[in-house]
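Report on the structure given below.
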There are 2 protein chains.
Amino acid sequence: MEFQVKFDINEKIFLRNPESSEVGKLMVKKSIDLIYDLGFEQFTFKKLALEINSTEATIYRYFENKHRLLLYILNWYWCYMEFLVTFKLENVVDKKERLKIIVHLLTHEFAESTNQFDYNKKLLNQIVIAESSKVYLVKEVTEINKNEVFKPYKDLCGKIAEVISAYNSKYKYPRSLSTTLIETSHHQQYFSVNLPKLTDVSSKNNSEFTNQFIEDFLFKILD
Amino acid sequence: MEFQVKFDINEKIFLRNPESSEVGKLMVKKSIDLIYDLGFEQFTFKKLALEINSTEATIYRYFENKHRLLLYILNWYWCYMEFLVTFKLENVVDKKERLKIIVHLLTHEFAESTNQFDYNKKLLNQIVIAESSKVYLVKEVTEINKNEVFKPYKDLCGKIAEVISAYNSKYKYPRSLSTTLIETSHHQQYFSVNLPKLTDVSSKNNSEFTNQFIEDFLFKILD
DNA sequence: TATTTATAATAGTATTACTATCATTAAAAA
DNA sequence: TTTTTAATGATAGTAATACTATTATAAATA
(Lines give C-alpha, C1' and ligand atoms only; values in the text may rest on other atoms or scores of the structure.)
Protein backbone atom coordinates (compact mmCIF):
# COMPACT_ATOMS: atom_id res chain seq x y z
CA MET A 1 0.00 0.00 0.00
CA GLU A 2 1.25 3.43 -0.97
CA PHE A 3 -0.29 6.58 0.34
CA GLN A 4 0.33 10.28 0.12
CA VAL A 5 -0.21 12.84 2.81
CA LYS A 6 -1.28 16.43 2.32
CA PHE A 7 -1.02 19.25 4.82
CA ASP A 8 -2.65 22.64 4.98
CA ILE A 9 0.31 24.95 4.95
CA ASN A 10 -0.21 28.37 6.53
CA GLU A 11 -1.47 30.73 3.81
CA LYS A 12 0.70 33.57 5.02
CA ILE A 13 3.75 31.75 3.71
CA PHE A 14 2.81 31.93 0.04
CA LEU A 15 1.17 34.44 -2.29
CA ARG A 16 -0.61 31.75 -4.25
CA ASN A 17 -0.98 28.17 -3.05
CA PRO A 18 1.53 26.04 -5.00
CA GLU A 19 -0.71 23.02 -4.39
CA SER A 20 -3.36 24.68 -6.55
CA SER A 21 -1.55 24.19 -9.86
CA GLU A 22 0.83 21.92 -11.69
CA VAL A 23 3.61 24.52 -12.02
CA GLY A 24 3.18 25.26 -8.33
CA LYS A 25 3.61 21.64 -7.32
CA LEU A 26 6.50 21.23 -9.69
CA MET A 27 8.32 24.28 -8.40
CA VAL A 28 8.20 23.04 -4.82
CA LYS A 29 9.27 19.55 -5.78
CA LYS A 30 12.14 20.78 -7.94
CA SER A 31 13.23 23.39 -5.41
CA ILE A 32 14.00 20.56 -2.99
CA ASP A 33 16.30 18.94 -5.54
CA LEU A 34 17.90 22.26 -6.42
CA ILE A 35 18.43 23.55 -2.88
CA TYR A 36 20.01 20.23 -2.08
CA ASP A 37 22.30 20.45 -5.11
CA LEU A 38 23.33 24.09 -4.80
CA GLY A 39 22.86 24.93 -1.14
CA PHE A 40 20.42 27.66 -0.16
CA GLU A 41 22.83 30.55 -0.80
CA GLN A 42 23.46 29.60 -4.43
CA PHE A 43 19.85 28.68 -5.07
CA THR A 44 17.93 31.33 -7.07
CA PHE A 45 14.48 31.64 -8.61
CA LYS A 46 16.13 32.09 -11.99
CA LYS A 47 17.81 28.71 -11.73
CA LEU A 48 14.60 27.11 -10.48
CA ALA A 49 12.64 28.67 -13.35
CA LEU A 50 15.08 27.19 -15.82
CA GLU A 51 14.73 23.80 -14.17
CA ILE A 52 10.92 23.77 -14.49
CA ASN A 53 10.88 25.44 -17.91
CA SER A 54 9.08 28.42 -16.59
CA THR A 55 10.00 31.98 -15.67
CA GLU A 56 11.08 33.86 -12.60
CA ALA A 57 7.89 35.95 -12.78
CA THR A 58 5.78 32.82 -12.41
CA ILE A 59 7.62 31.70 -9.29
CA TYR A 60 7.32 35.18 -7.82
CA ARG A 61 3.57 34.88 -8.16
CA TYR A 62 3.71 31.98 -5.70
CA PHE A 63 6.44 33.00 -3.29
CA GLU A 64 7.60 36.44 -2.22
CA ASN A 65 11.22 35.27 -2.11
CA LYS A 66 13.37 32.21 -1.68
CA HIS A 67 13.28 32.49 2.09
CA ARG A 68 9.50 31.99 1.96
CA LEU A 69 9.90 28.99 -0.28
CA LEU A 70 12.33 27.43 2.19
CA LEU A 71 9.87 28.19 4.96
CA TYR A 72 7.16 26.43 2.96
CA ILE A 73 9.31 23.35 2.52
CA LEU A 74 10.18 23.27 6.21
CA ASN A 75 6.57 23.74 7.24
CA TRP A 76 5.74 20.73 5.14
CA TYR A 77 8.58 18.81 6.78
CA TRP A 78 7.53 19.72 10.32
CA CYS A 79 3.95 18.67 9.57
CA TYR A 80 5.19 15.46 8.01
CA MET A 81 7.43 14.77 10.98
CA GLU A 82 4.57 15.29 13.41
CA PHE A 83 2.42 13.01 11.30
CA LEU A 84 5.15 10.36 11.27
CA VAL A 85 5.60 10.58 15.02
CA THR A 86 1.86 10.17 15.57
CA PHE A 87 1.73 7.29 13.10
CA LYS A 88 4.70 5.41 14.49
CA LEU A 89 3.62 5.84 18.10
CA GLU A 90 0.17 4.41 17.40
CA ASN A 91 -0.50 1.49 19.76
CA VAL A 92 2.92 1.69 21.37
CA VAL A 93 2.24 1.78 25.08
CA ASP A 94 5.71 1.41 26.55
CA LYS A 95 6.88 4.92 27.36
CA LYS A 96 10.54 4.22 26.86
CA GLU A 97 9.83 2.62 23.54
CA ARG A 98 7.87 5.71 22.50
CA LEU A 99 10.89 7.91 23.12
CA LYS A 100 13.17 5.52 21.29
CA ILE A 101 10.92 5.63 18.26
CA ILE A 102 11.09 9.42 18.24
CA VAL A 103 14.87 9.46 18.47
CA HIS A 104 15.06 6.95 15.66
CA LEU A 105 12.83 9.11 13.48
CA LEU A 106 14.92 12.20 14.20
CA THR A 107 18.23 10.56 13.41
CA HIS A 108 17.48 8.44 10.38
CA GLU A 109 16.74 9.20 6.79
CA PHE A 110 13.20 8.86 5.56
CA ALA A 111 12.28 6.02 3.31
CA GLU A 112 12.23 7.20 -0.25
CA SER A 113 8.86 6.99 -1.86
CA THR A 114 8.47 5.37 -5.24
CA ASN A 115 5.92 7.93 -6.31
CA GLN A 116 7.50 10.35 -8.74
CA PHE A 117 5.17 13.17 -7.67
CA ASP A 118 6.26 12.96 -4.05
CA TYR A 119 9.00 15.13 -2.69
CA ASN A 120 12.36 13.42 -2.50
CA LYS A 121 12.43 12.71 1.22
CA LYS A 122 16.09 11.84 1.32
CA LEU A 123 17.05 15.22 -0.03
CA LEU A 124 14.42 16.91 2.11
CA ASN A 125 16.06 15.38 5.13
CA GLN A 126 19.45 16.76 4.13
CA ILE A 127 17.96 20.19 3.56
CA VAL A 128 16.43 20.15 7.01
CA ILE A 129 19.81 19.25 8.48
CA ALA A 130 21.82 21.86 6.61
CA GLU A 131 19.41 24.70 5.93
CA SER A 132 16.57 24.73 8.45
CA SER A 133 18.19 27.08 10.93
CA LYS A 134 18.43 29.70 8.19
CA VAL A 135 14.67 30.28 8.31
CA TYR A 136 14.66 31.51 11.89
CA LEU A 137 18.19 32.87 12.30
CA VAL A 138 17.26 36.11 10.56
CA LYS A 139 16.78 39.67 11.76
CA GLU A 140 13.08 39.67 10.88
CA VAL A 141 12.29 36.58 12.98
CA THR A 142 9.92 38.42 15.32
CA GLU A 143 8.05 39.94 12.41
CA ILE A 144 7.59 36.72 10.48
CA ASN A 145 6.81 34.76 13.64
CA LYS A 146 3.70 36.90 14.06
CA ASN A 147 2.04 35.06 11.20
CA GLU A 148 2.40 31.75 13.03
CA VAL A 149 4.69 30.38 10.37
CA PHE A 150 6.64 28.40 12.97
CA LYS A 151 3.54 26.76 14.44
CA PRO A 152 4.27 23.33 12.93
CA TYR A 153 7.71 23.39 14.52
CA LYS A 154 6.22 24.39 17.85
CA ASP A 155 3.57 21.68 17.51
CA LEU A 156 6.17 19.04 16.79
CA CYS A 157 8.15 20.30 19.75
CA GLY A 158 5.00 20.19 21.89
CA LYS A 159 4.19 16.65 20.83
CA ILE A 160 7.65 15.38 21.70
CA ALA A 161 7.52 17.31 24.97
CA GLU A 162 4.33 15.42 25.85
CA VAL A 163 6.01 12.08 25.35
CA ILE A 164 8.92 13.29 27.47
CA SER A 165 6.59 14.40 30.24
CA ALA A 166 4.64 11.14 30.08
CA TYR A 167 7.92 9.30 30.63
CA ASN A 168 9.05 11.53 33.47
CA SER A 169 6.50 14.01 34.74
CA LYS A 170 8.99 15.60 37.10
CA TYR A 171 11.40 16.74 34.42
CA LYS A 172 11.28 20.53 34.34
CA TYR A 173 12.31 21.36 30.77
CA PRO A 174 10.36 19.14 28.34
CA ARG A 175 10.15 21.74 25.57
CA SER A 176 13.74 22.86 25.75
CA LEU A 177 14.79 19.22 25.79
CA SER A 178 12.55 18.57 22.82
CA THR A 179 14.11 21.33 20.68
CA THR A 180 17.52 20.20 21.87
CA LEU A 181 16.77 16.68 20.62
CA ILE A 182 15.70 18.02 17.25
CA GLU A 183 18.51 20.52 16.78
CA THR A 184 21.18 18.25 18.19
CA SER A 185 20.18 15.45 15.88
CA HIS A 186 20.71 17.85 12.97
CA HIS A 187 24.05 19.10 14.24
CA GLN A 188 25.47 15.76 15.10
CA GLN A 189 24.49 14.33 11.74
CA TYR A 190 26.00 17.30 9.95
CA PHE A 191 29.16 17.38 12.03
CA SER A 192 29.73 13.65 11.92
CA VAL A 193 29.83 13.86 8.13
CA ASN A 194 31.48 17.24 7.55
CA LEU A 195 33.43 18.14 10.68
CA PRO A 196 33.85 14.80 12.43
CA LYS A 197 36.39 16.11 14.95
CA LEU A 198 33.53 17.97 16.59
CA THR A 199 31.98 14.61 17.42
CA ASP A 200 32.96 11.15 18.65
CA VAL A 201 31.88 9.37 15.50
CA SER A 202 34.04 6.42 14.57
CA SER A 203 34.25 5.90 10.83
CA LYS A 204 31.09 4.21 9.58
CA ASN A 205 27.38 4.74 10.11
CA ASN A 206 26.78 8.27 11.33
CA SER A 207 22.99 7.95 11.61
CA GLU A 208 23.54 5.09 14.01
CA PHE A 209 26.13 7.09 15.91
CA THR A 210 23.80 10.06 16.28
CA ASN A 211 20.99 7.77 17.38
CA GLN A 212 23.15 6.21 20.09
CA PHE A 213 24.49 9.52 21.32
CA ILE A 214 21.04 11.06 21.59
CA GLU A 215 19.35 8.02 23.08
CA ASP A 216 22.11 7.69 25.65
CA PHE A 217 21.84 11.31 26.69
CA LEU A 218 18.05 11.39 26.65
CA PHE A 219 17.64 8.50 29.09
CA LYS A 220 20.45 9.72 31.32
CA ILE A 221 18.57 12.98 31.61
CA LEU A 222 15.16 11.43 32.23
CA ASP A 223 16.00 8.40 34.37
CA MET B 1 43.96 46.37 35.47
CA GLU B 2 42.85 46.32 31.86
CA PHE B 3 44.44 44.07 29.31
CA GLN B 4 43.94 43.16 25.70
CA VAL B 5 44.44 39.78 24.11
CA LYS B 6 45.65 39.10 20.60
CA PHE B 7 45.35 35.89 18.66
CA ASP B 8 47.09 34.64 15.57
CA ILE B 9 44.21 34.07 13.22
CA ASN B 10 44.77 31.51 10.48
CA GLU B 11 46.26 33.33 7.48
CA LYS B 12 44.13 31.39 5.03
CA ILE B 13 41.09 33.30 6.22
CA PHE B 14 42.19 36.71 4.97
CA LEU B 15 44.04 38.09 1.97
CA ARG B 16 45.83 40.72 4.01
CA ASN B 17 46.02 40.67 7.79
CA PRO B 18 43.53 43.25 9.11
CA GLU B 19 45.65 43.52 12.27
CA SER B 20 48.45 44.99 10.16
CA SER B 21 46.80 48.35 9.54
CA GLU B 22 44.41 50.85 11.05
CA VAL B 23 41.75 50.47 8.34
CA GLY B 24 42.03 46.73 8.77
CA LYS B 25 41.42 46.87 12.51
CA LEU B 26 38.64 49.37 12.04
CA MET B 27 36.85 47.26 9.44
CA VAL B 28 36.77 44.23 11.71
CA LYS B 29 35.61 46.23 14.69
CA LYS B 30 32.91 48.02 12.74
CA SER B 31 31.78 44.86 10.98
CA ILE B 32 30.80 43.45 14.36
CA ASP B 33 28.57 46.45 15.01
CA LEU B 34 27.13 46.35 11.53
CA ILE B 35 26.47 42.60 11.33
CA TYR B 36 24.73 42.90 14.67
CA ASP B 37 22.59 45.80 13.43
CA LEU B 38 21.68 44.44 10.01
CA GLY B 39 22.00 40.68 10.33
CA PHE B 40 24.49 38.83 8.15
CA GLU B 41 22.21 38.64 5.09
CA GLN B 42 21.72 42.41 4.87
CA PHE B 43 25.33 43.17 5.72
CA THR B 44 27.44 44.19 2.69
CA PHE B 45 30.96 45.45 2.09
CA LYS B 46 29.50 48.58 0.55
CA LYS B 47 27.70 49.43 3.78
CA LEU B 48 30.78 48.62 5.83
CA ALA B 49 32.94 50.79 3.57
CA LEU B 50 30.57 53.69 4.11
CA GLU B 51 30.73 53.13 7.85
CA ILE B 52 34.53 53.31 7.97
CA ASN B 53 34.80 56.06 5.35
CA SER B 54 36.64 53.82 2.98
CA THR B 55 35.79 51.90 -0.18
CA GLU B 56 34.62 48.45 -1.10
CA ALA B 57 37.87 47.85 -2.97
CA THR B 58 39.88 48.38 0.19
CA ILE B 59 37.86 45.83 2.14
CA TYR B 60 38.22 43.34 -0.71
CA ARG B 61 41.98 43.61 -0.33
CA TYR B 62 41.60 42.18 3.17
CA PHE B 63 38.79 39.68 2.77
CA GLU B 64 37.69 37.65 -0.21
CA ASN B 65 34.03 38.04 0.74
CA LYS B 66 31.76 38.63 3.71
CA HIS B 67 31.67 34.95 4.56
CA ARG B 68 35.42 35.09 5.19
CA LEU B 69 35.04 38.16 7.35
CA LEU B 70 32.44 36.38 9.47
CA LEU B 71 34.77 33.41 9.70
CA TYR B 72 37.53 35.76 10.89
CA ILE B 73 35.30 37.19 13.61
CA LEU B 74 34.24 33.73 14.75
CA ASN B 75 37.81 32.48 14.78
CA TRP B 76 38.64 35.37 17.03
CA TYR B 77 35.65 34.49 19.23
CA TRP B 78 36.55 30.82 19.49
CA CYS B 79 40.12 31.72 20.43
CA TYR B 80 38.87 34.22 22.94
CA MET B 81 36.47 31.70 24.41
CA GLU B 82 39.20 29.11 24.79
CA PHE B 83 41.38 31.74 26.42
CA LEU B 84 38.56 32.68 28.80
CA VAL B 85 37.94 29.06 29.70
CA THR B 86 41.63 28.52 30.42
CA PHE B 87 41.79 31.73 32.43
CA LYS B 88 38.69 31.10 34.49
CA LEU B 89 39.59 27.49 35.25
CA GLU B 90 43.02 28.47 36.55
CA ASN B 91 43.49 27.10 40.06
CA VAL B 92 40.01 25.62 40.20
CA VAL B 93 40.49 22.03 41.26
CA ASP B 94 36.96 20.87 41.91
CA LYS B 95 35.86 19.07 38.76
CA LYS B 96 32.20 19.89 39.11
CA GLU B 97 33.02 23.53 39.66
CA ARG B 98 35.14 23.50 36.49
CA LEU B 99 32.17 22.35 34.45
CA LYS B 100 29.89 24.90 36.06
CA ILE B 101 32.30 27.68 35.13
CA ILE B 102 32.27 26.54 31.52
CA VAL B 103 28.47 26.44 31.37
CA HIS B 104 28.33 29.89 32.90
CA LEU B 105 30.74 31.23 30.29
CA LEU B 106 28.73 29.67 27.47
CA THR B 107 25.41 31.04 28.63
CA HIS B 108 26.22 34.55 29.77
CA GLU B 109 27.17 37.71 27.99
CA PHE B 110 30.75 38.86 28.10
CA ALA B 111 31.70 41.85 30.17
CA GLU B 112 31.94 44.87 27.97
CA SER B 113 35.41 46.31 27.85
CA THR B 114 35.91 50.01 28.39
CA ASN B 115 38.61 50.15 25.77
CA GLN B 116 37.24 51.78 22.63
CA PHE B 117 39.61 49.82 20.40
CA ASP B 118 38.32 46.50 21.62
CA TYR B 119 35.58 44.64 19.85
CA ASN B 120 32.16 45.10 21.38
CA LYS B 121 31.88 41.77 23.17
CA LYS B 122 28.20 42.08 23.89
CA LEU B 123 27.41 42.37 20.19
CA LEU B 124 29.99 39.72 19.35
CA ASN B 125 28.15 37.38 21.65
CA GLN B 126 24.87 38.04 19.88
CA ILE B 127 26.50 37.48 16.51
CA VAL B 128 27.86 34.14 17.65
CA ILE B 129 24.38 33.13 18.79
CA ALA B 130 22.55 34.20 15.66
CA GLU B 131 25.09 33.90 12.86
CA SER B 132 27.80 31.38 13.73
CA SER B 133 26.14 28.37 12.16
CA LYS B 134 26.14 30.19 8.83
CA VAL B 135 29.89 29.76 8.49
CA TYR B 136 29.77 25.99 8.41
CA LEU B 137 26.28 25.31 7.06
CA VAL B 138 27.41 25.94 3.50
CA LYS B 139 27.96 23.70 0.49
CA GLU B 140 31.70 24.42 0.41
CA VAL B 141 32.27 23.33 4.02
CA THR B 142 34.58 20.45 3.09
CA GLU B 143 36.64 22.68 0.86
CA ILE B 144 37.09 25.48 3.38
CA ASN B 145 37.64 23.05 6.23
CA LYS B 146 40.80 21.88 4.47
CA ASN B 147 42.53 25.11 5.44
CA GLU B 148 41.97 24.36 9.13
CA VAL B 149 39.76 27.41 9.51
CA PHE B 150 37.62 25.61 12.08
CA LYS B 151 40.58 24.61 14.24
CA PRO B 152 39.81 27.11 17.00
CA TYR B 153 36.29 25.70 17.28
CA LYS B 154 37.67 22.18 17.39
CA ASP B 155 40.23 23.23 19.99
CA LEU B 156 37.57 24.81 22.16
CA CYS B 157 35.48 21.69 21.77
CA GLY B 158 38.52 19.56 22.67
CA LYS B 159 39.28 21.63 25.76
CA ILE B 160 35.72 21.31 27.08
CA ALA B 161 35.75 17.61 26.22
CA GLU B 162 38.83 17.21 28.44
CA VAL B 163 37.06 18.79 31.39
CA ILE B 164 34.10 16.49 30.74
CA SER B 165 36.34 13.43 30.63
CA ALA B 166 38.16 14.52 33.77
CA TYR B 167 34.81 14.66 35.55
CA ASN B 168 33.62 11.34 34.24
CA SER B 169 36.21 9.28 32.39
CA LYS B 170 33.66 6.63 31.45
CA TYR B 171 31.43 8.91 29.43
CA LYS B 172 31.68 7.84 25.83
CA TYR B 173 30.86 11.02 23.91
CA PRO B 174 32.84 13.93 25.37
CA ARG B 175 33.29 15.76 22.07
CA SER B 176 29.72 15.40 20.88
CA LEU B 177 28.54 16.51 24.30
CA SER B 178 30.90 19.44 24.13
CA THR B 179 29.55 20.70 20.78
CA THR B 180 26.05 20.03 22.06
CA LEU B 181 26.71 22.27 25.06
CA ILE B 182 28.00 25.03 22.82
CA GLU B 183 25.32 24.80 20.16
CA THR B 184 22.49 24.26 22.62
CA SER B 185 23.51 27.29 24.64
CA HIS B 186 23.19 29.33 21.45
CA HIS B 187 19.86 27.84 20.48
CA GLN B 188 18.27 28.11 23.86
CA GLN B 189 19.36 31.71 24.25
CA TYR B 190 18.05 32.56 20.80
CA PHE B 191 14.80 30.66 21.20
CA SER B 192 14.09 31.93 24.69
CA VAL B 193 14.18 35.48 23.35
CA ASN B 194 12.69 35.04 19.88
CA LEU B 195 10.62 31.86 19.86
CA PRO B 196 9.99 31.22 23.55
CA LYS B 197 7.40 28.52 22.94
CA LEU B 198 10.24 26.29 21.80
CA THR B 199 11.62 26.47 25.33
CA ASP B 200 10.44 26.38 28.94
CA VAL B 201 11.61 29.88 29.74
CA SER B 202 9.38 31.76 32.16
CA SER B 203 9.36 35.48 31.54
CA LYS B 204 12.52 37.08 32.88
CA ASN B 205 16.22 36.30 32.71
CA ASN B 206 16.90 34.04 29.76
CA SER B 207 20.65 33.73 30.35
CA GLU B 208 19.87 32.34 33.78
CA PHE B 209 17.27 30.01 32.31
CA THR B 210 19.69 28.66 29.72
CA ASN B 211 22.36 28.24 32.36
CA GLN B 212 20.02 26.20 34.56
CA PHE B 213 18.72 24.07 31.72
CA ILE B 214 22.21 23.21 30.50
CA GLU B 215 23.72 22.66 33.92
CA ASP B 216 20.84 20.39 34.87
CA PHE B 217 21.18 18.41 31.70
CA LEU B 218 24.96 18.22 31.84
CA PHE B 219 25.12 16.74 35.33
CA LYS B 220 22.25 14.37 34.72
CA ILE B 221 24.24 13.03 31.80
CA LEU B 222 27.55 12.77 33.62
CA ASP B 223 26.48 11.68 37.11
C1' DT C 1 65.82 61.11 -3.26
C1' DA C 2 63.97 57.01 -5.26
C1' DT C 3 61.15 53.17 -4.59
C1' DT C 4 57.73 50.49 -2.81
C1' DT C 5 53.25 49.89 -0.85
C1' DA C 6 48.59 50.95 0.60
C1' DT C 7 44.69 53.45 -0.16
C1' DA C 8 40.99 56.27 -2.25
C1' DA C 9 38.59 57.32 -6.13
C1' DT C 10 36.48 55.80 -9.93
C1' DA C 11 34.58 52.80 -13.33
C1' DG C 12 32.72 48.81 -14.85
C1' DT C 13 30.57 43.86 -15.08
C1' DA C 14 27.71 39.87 -14.10
C1' DT C 15 24.34 38.31 -11.19
C1' DT C 16 20.63 38.70 -7.98
C1' DA C 17 16.29 40.04 -6.48
C1' DC C 18 12.96 41.78 -7.64
C1' DT C 19 8.59 44.73 -10.42
C1' DA C 20 5.82 45.76 -14.43
C1' DT C 21 3.52 45.05 -18.88
C1' DC C 22 1.20 42.53 -22.22
C1' DA C 23 -0.27 38.84 -25.33
C1' DT C 24 -1.79 34.11 -25.16
C1' DT C 25 -4.19 30.35 -23.40
C1' DA C 26 -7.15 27.58 -20.56
C1' DA C 27 -10.76 27.28 -17.52
C1' DA C 28 -15.00 28.95 -15.44
C1' DA C 29 -19.18 31.42 -15.65
C1' DA C 30 -22.97 33.41 -18.09
C1' DT D 1 -21.62 29.09 -27.15
C1' DT D 2 -19.81 33.28 -25.86
C1' DT D 3 -17.84 36.08 -22.41
C1' DT D 4 -15.14 36.77 -18.62
C1' DT D 5 -11.48 35.66 -15.63
C1' DA D 6 -7.35 34.08 -14.19
C1' DA D 7 -2.79 32.05 -14.85
C1' DT D 8 1.16 31.80 -17.55
C1' DG D 9 5.07 32.95 -20.58
C1' DA D 10 7.68 36.28 -22.77
C1' DT D 11 9.96 40.28 -22.31
C1' DA D 12 11.88 44.37 -20.27
C1' DG D 13 13.69 46.94 -16.83
C1' DT D 14 15.69 48.54 -12.15
C1' DA D 15 18.29 48.78 -7.92
C1' DA D 16 21.40 46.40 -5.29
C1' DT D 17 24.99 42.99 -4.67
C1' DA D 18 29.32 40.95 -5.32
C1' DC D 19 32.76 41.47 -7.22
C1' DT D 20 37.39 43.14 -10.64
C1' DA D 21 40.41 46.55 -12.71
C1' DT D 22 42.85 51.00 -13.24
C1' DT D 23 45.03 54.97 -11.80
C1' DA D 24 46.51 58.89 -8.95
C1' DT D 25 48.13 60.05 -4.62
C1' DA D 26 50.00 59.74 -0.11
C1' DA D 27 52.87 57.49 3.23
C1' DA D 28 56.56 54.51 4.54
C1' DT D 29 60.98 52.60 3.57
C1' DA D 30 65.56 52.09 1.37
Side-chain angles (χ1 to χ4, degrees), chain A residues 9 11-31 34-35 37-73 131 134-135 137-140 143-144, chain B residues 11-31 34-73 131 134-135 137-140 143-144:
Chain A
I9 305 296
E11 306 211 335
K12 296 284 173 68
I13 293 174
F14 47 75
L15 301 170
R16 178 170 309 178
N17 193 337
E19 279 298 309
S20 70
S21 76
E22 292 308 310
V23 240
K25 283 182 231 170
L26 188 63
M27 75 180 65
V28 175
K29 181 178 160 52
K30 284 283 180 183
S31 72
L34 210 52
I35 292 173
D37 283 339
L38 305 173
F40 188 62
E41 286 74 22
Q42 302 307 313
F43 168 80
T44 67
F45 278 1
K46 182 134 219 160
K47 290 170 185 169
L48 178 57
L50 205 76
E51 199 71 19
I52 62 173
N53 294 311
S54 179
T55 61
E56 267 185 289
T58 299
I59 300 170
Y60 275 109
R61 279 188 206 105
Y62 287 85
F63 295 100
E64 218 179 307
N65 52 47
K66 68 175 182 172
H67 182 268
R68 289 288 161 146
L69 176 50
L70 181 60
L71 192 54
Y72 181 92
I73 292 169
E131 321 285 3
K134 294 169 192 171
V135 301
L137 292 178
V138 291
K139 263 284 150 175
E140 327 87 77
E143 197 51 37
I144 61 177
Chain B
E11 306 212 335
K12 296 284 174 68
I13 293 173
F14 48 74
L15 300 171
R16 178 170 309 177
N17 193 337
E19 280 299 308
S20 69
S21 75
E22 291 308 311
V23 240
K25 282 183 232 171
L26 189 63
M27 74 179 66
V28 175
K29 181 176 161 51
K30 284 285 181 182
S31 72
L34 210 54
I35 291 173
Y36 173 79
D37 283 339
L38 304 174
F40 187 61
E41 286 73 23
Q42 302 308 314
F43 167 80
T44 67
F45 278 1
K46 182 135 218 158
K47 290 170 186 170
L48 178 57
L50 206 75
E51 198 72 18
I52 61 173
N53 294 311
S54 178
T55 61
E56 268 185 287
T58 300
I59 301 171
Y60 275 108
R61 277 189 213 101
Y62 287 84
F63 295 100
E64 217 180 309
N65 53 47
K66 67 175 183 173
H67 182 268
R68 288 288 159 148
L69 175 50
L70 181 60
L71 193 54
Y72 181 91
I73 292 169
E131 320 286 3
K134 294 169 191 170
V135 300
L137 292 178
V138 290
K139 262 284 149 176
E140 326 87 76
E143 197 51 38
I144 61 176

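Each chain gets a letter, A, B and so on, in the order its sequence line appears, and its residues count up from 1.
For the pair A/Leu48 CG and C/dA17 C1', the computed distance is 14 Å after rounding to whole Å. Look at CD1 on B/Ile59: it is 9 Å from P on C/dA8, rounded to the nearest Å. The CD1 atom of A/Ile52 sits 11 Å away from the C1' atom of D/dT8 (whole-angstrom rounding). Distance CG (B/Asn65) to C1' (C/dT16): 16 Å, rounded to an integer number of Å. As a whole-Å value, the separation of A/Leu26 CG from D/dG9 P is 10 Å. Rounded to an integer number of Å, the gap from CG of B/Leu50 to C1' of C/dT10 is 16 Å. Between A/Lys47 atom NZ and C/dT15 atom P the separation is 10 Å, expressed in whole Å. Between the CZ atom of B/Phe45 and the C1' atom of C/dT16 there is a distance of 17 Å, given to the nearest Å.
Here the nucleotide nearest the side chain of A/Arg61, chosen from D/dT8, C/dA6, D/dC19, is D/dT8. Ranking C/dA17, C/dT7, D/dT8 by closeness to the B/Thr58 side chain, first place goes to C/dT7. Of all nucleotides listed (C/dA8, D/dA18, C/dT16), D/dA18 comes nearest to the side chain of B/Thr44. Considering only the side chain of B/Ala57, C/dA9 comes nearest among C/dT7, C/dA9, D/dA18. Listed candidates were D/dA18, C/dT16, C/dT7. Nearest to the side chain of B/Tyr60 is D/dA18.
Side-chain nitrogen and oxygen atoms of A/Ser54 include at least one within less than 4.0 Å of the OP1 or OP2 phosphate oxygen of D/dG9. In this structure, A/Thr55 does not reach the D/dT8 phosphate: none of its side-chain N or O atoms is under 4.0 Å from OP1 or OP2. An OP1 or OP2 oxygen of C/dC18 is reached within less than 4.0 angstrom by no side-chain nitrogen or oxygen of A/Lys66.
Checked by atom type and distance alone, the side chain of B/Arg16 never pairs as donor or acceptor with a backbone atom of B/Tyr60 at under 3.5 Å.
Here the side chains of A/Ser21 and A/Tyr62 are in contact, with some heavy-atom distance below 4.5 Å. Between B/Ile144 and B/His67, the closest side-chain pair of non-hydrogen atoms falls below 4.5 Å.
Salt bridge status for A/Lys134 with B/Glu41: absent, with no side-chain N to carboxylate O gap under 4.0 Å.
Backbone-only contact: A/Tyr62 has heavy atoms under 4.0 Å from sugar-phosphate atoms and none from a base.
The aromatic rings of B/Phe43 and B/Phe40 lie parallel to each other, with less than 30° between the two planes, well short of the 60° mark.
Contact annotation: side chain of A/Glu64 to base of C/dC18, donor-acceptor pair absent below 3.5 Å.
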